[in-house]
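Notes follow the structure.
Values reported hereafter were calculated over all heavy atoms of this structure, with side chains retained and with hydrogens, waters and symmetry mates removed. So that the names make sense, note that chain A is the first sequence line, chain B the second, and so on, each numbered from 1.
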Amino acid sequence: MAPQSSSHKPISLRTKLACKFTHALSRIKRERPTSSSFLSCSRRIKIAAYTAMAFSVGSRKSWSRALLYKLASPAGRRGLIRKRRFGVKKRKYLTVMSRADKLRRVVPGCRNMDFCSLLEETADYITCLATQVKVMRSVVDLLSA
Amino acid sequence: MERDFFLNAPTISIWQTEFQSPDFFVNSNYEKSTDQYTQFDSALSSLVSSPAASNSNDSSSIRELIGKLGNICQSTNTSCYTTPLNSPPKLNLPNLGNLIPSQPALPELSADPGFAERAAKFSCFGSRSFNGRTNQFNTNNAEYPLRSSSSPLENGKLGRISSSPALNALGSQVGVRENKNSPLQDGIHVEMKSCEESSVCVQTPLSENGSKGTNDSNSRKRKGPSRGKGKEPPLSPSPKATKVSEKNDESNRNGGVKVHEETKGSDSKPPEPPKDYIHVRARRGQATDSHSLAERVRREKISERMKLLQDLVPGCNKVTGKALMLDEIINYVQSLQRQVEFLSMKLASVNPGLDVNMETLISKEMFQSNDSLSQPMYSLDSSALAFTYGHQSQQSLHSNISNGSLTISDGLFAETHAQIAQFCEDDLQSIVQMGFGQQHPTGLPAFQPRASPVIKKNLKHPLELV
């Protein structure tokens with residue numbers, strides 16, 4: 001028998017990401033003639049990726065909220081594309097706390113959180129990032145094949 | 001949200017109130033005079049039996065209770081104050097220096113009318129109790145600005161008794177940083193915190209010339225944890241904290257933390273009162289004061305999350321220890337971010353002139369994700385359909401669909417794609433609809449069975465069943 005249409009079935013994260021990302025990509029492609037430089041194109045695609053991530057998760061997580069705020073302002077978007085300076089630090093002085101601070105710098109939106117919730121946010125961020133990477137890889141494969 | 005509010009609130013206030021709260025634990029973790037407990041017992045038994053009722057009633061009896069506790073507390077004032085001299089060198093005095101000036105509100109506690117009621121609610125500690133109590137506070141107190149002088153003290157009381165959030169806030173801020181460096185033994189940690197607290201206890205009466213009002217306020221501030229302490233042998237004032245049962249998180253996690261001391265033989269849990277309590281029991285041979293229990297709860301939460309992360313991050317099974325794990329996690333997150341960047345560059349290079357392929361892209365993505373989607377559908381349908389979806393390959397789907405389980409599978413497909421279509425935007429939706437000729441009639445407003453030449457041209461076999 002045919003099931004009733006229920007809108008409460010969970011849509012997987014991957015599906016959401018795929019939809020958002022491909023849609024953003026199509027929009028970028030439509031606007032492509034204006035932005036001809038390769039770097040700006042890749043930057044836009046990167047922003048599209050983070051946008052897809054943030055919108056698919058919504059306001060549930062702190063990192064997604066922080067990303068959404070960042071994406072809302074152009075200054076924040078520029079900050080997203082920032083070039084990282086890789087400093088060399090002595091391993092000896094990397095205590096657990098400084099590692100937690102490092103983690104706070106890496107995961108967006110977790111500056112003032114305690115260690116416990118920071119770990120939770122990190123787990124969610126990692127799942128979302130990994131799914132995004134998978135989606136992007138499959139898109140690249142589809143487009144290049 | 002209140003929890004976030006708490007954590008983002010000026011943590012200095014929470015820390016400062018941590019300092020003000022008294023410390024019986026400092027004297028001796030394991031030597032508790034039974035006198036105090038008998039007094040506590042009698043005073044608190046009624047309170048324990050109905051904390052919910054005490055919300056609005058009996059503020060006068062609560063004040064009597066507070067008075068009693070204050071008298072009890074005064075007797076141990078001196079011993080509390082002597083301990084900071086023995087504080088370990090790790091004591092972070094500069095932080096205290098920052099916090100001492102911001103304690104103007106000590107005498108105000110006695111004047112606070114609602115304080116008695118709020119103090120009466122401190123029959124629990126634990127992270128969930130923290131949330132529960134914050135809700136209570138929000139609903140019960142009209143004046144709840146964290147900026148006010150009295151409320152931070154109460155919040156601190158909350159944080160003092162409830163373990164994880166306030167402690168975590170502290171941990172992120174000040175003193176627990178040293179804790180993380182050292183191996184977290186219960187005794188050291190408790191002693192450190194308690195010494196810090198008691199040292200502030202010293203300074204406040206000194207600053208206020210050790211008046212009786214100060215003593216009263218100090219004793220009143222001590223009420224919270226002493227109350228929590230007093231509840232440790234709630235109904236059986238047995239002296240020692242040696243025999244306890246195993247930890248009991250799962251039962252009754254609504255509000256607070258109640259510590260039970262039980263004899264070794266009795267493994268059965270006592271009849272838990274129907275209140276907001278998280279029952280945390282100290283394990284045998286471990287400290288049972290609220291500090292170490294709260295710390296233990298927090299540590300177990302952290303280790304739980306680290307295990308989750310270990311599963312997420314590949315190659316972390318061999319790594320042991322928080323520090324190395326954190327290194328691995330940081331490296332993994334950075335590598336993922338770099339991969340996103342690299343793939344975006346690759347996409348930018350691959351991109352040119354691929355407008356037509358967007359539909360294929362989208363549909364293929366949907367099918368790839370549908371393979372993962374099909375699994376949750378098992379529970380909904382008959383076993384036949386489950387068998388249908390058991391084969392993750394699209395070919396088997398195709399064959400099954402063509403065999404005649406068409407309506408069901410199509411219905412499901414249509415449903416999922418309806419959801420996806422609603423999720424995505426309009427042009428995408430139209431593309432999806434075109435892909436499926438037969439649809440489930442319910443819930444799909446704009447679903448039209450049409451064949452799109454674009455899709456027919458570009459799609460592979462799964463969509464060809466239209």
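- Interatomic distance, B/Leu326 CG to A/Phe115 CZ, rounded to the nearest 0.5 Å: 4.5 Å.
- Residues of residues 303-312 of chain B lying under 4.5 angstrom from chain A, judged on non-hydrogen atoms, are B/Arg305, B/Met306, B/Leu309, B/Leu312 in numerical order.
- Atom OG of B/Ser344 and atom CZ of A/Arg44 lie 13.0 Å apart (nearest 0.5 Å).
- To the nearest 0.5 angstrom, B/Ile302 atom CD1 is 9.0 Å from A/Ser117 atom OG.
- Open room surrounds CZ on B/Phe342; 12 or fewer heavy atoms of other groups in view lie less than 6.0 Å from it.
- The structure places CG of A/Leu129 at 8.5 Å from OH of B/Tyr332, a figure rounded to the nearest 0.5 Å.
- Within the 4.5 angstrom heavy-atom criterion, only side-chain atoms of A/Ala49, from C-beta onward, approach chain B.
- Annotation: maximal heavy-atom pairing with chain B below 4.5 Å, among A/Leu103, A/Leu39, A/Leu13, occurs at A/Leu103.
- Closest of all the heavy-atom pairs between A/Arg99 and B/Ile330 is O-CD1, 3.4 Å.
- Summarising the geometry, atom CE belonging to B/Met325 is positioned 8.5 Å from atom CG belonging to A/Leu119; distances are rounded to the nearest 0.5 Å.
- Counting only heavy atoms from C-beta outward, the side chains of A/Ile126 and B/Ile329 approach each other to under 4.5 Å.
- Partners of A/Arg137 by side chain to side chain donor-acceptor pair (under 3.5 Å), not counting sequence neighbours, listed by chain and number: B/Gln339.
- Summarising the geometry, atom CD belonging to B/Gln337 is positioned 4.5 Å from atom OH belonging to A/Tyr50; distances are rounded to the nearest 0.5 Å.
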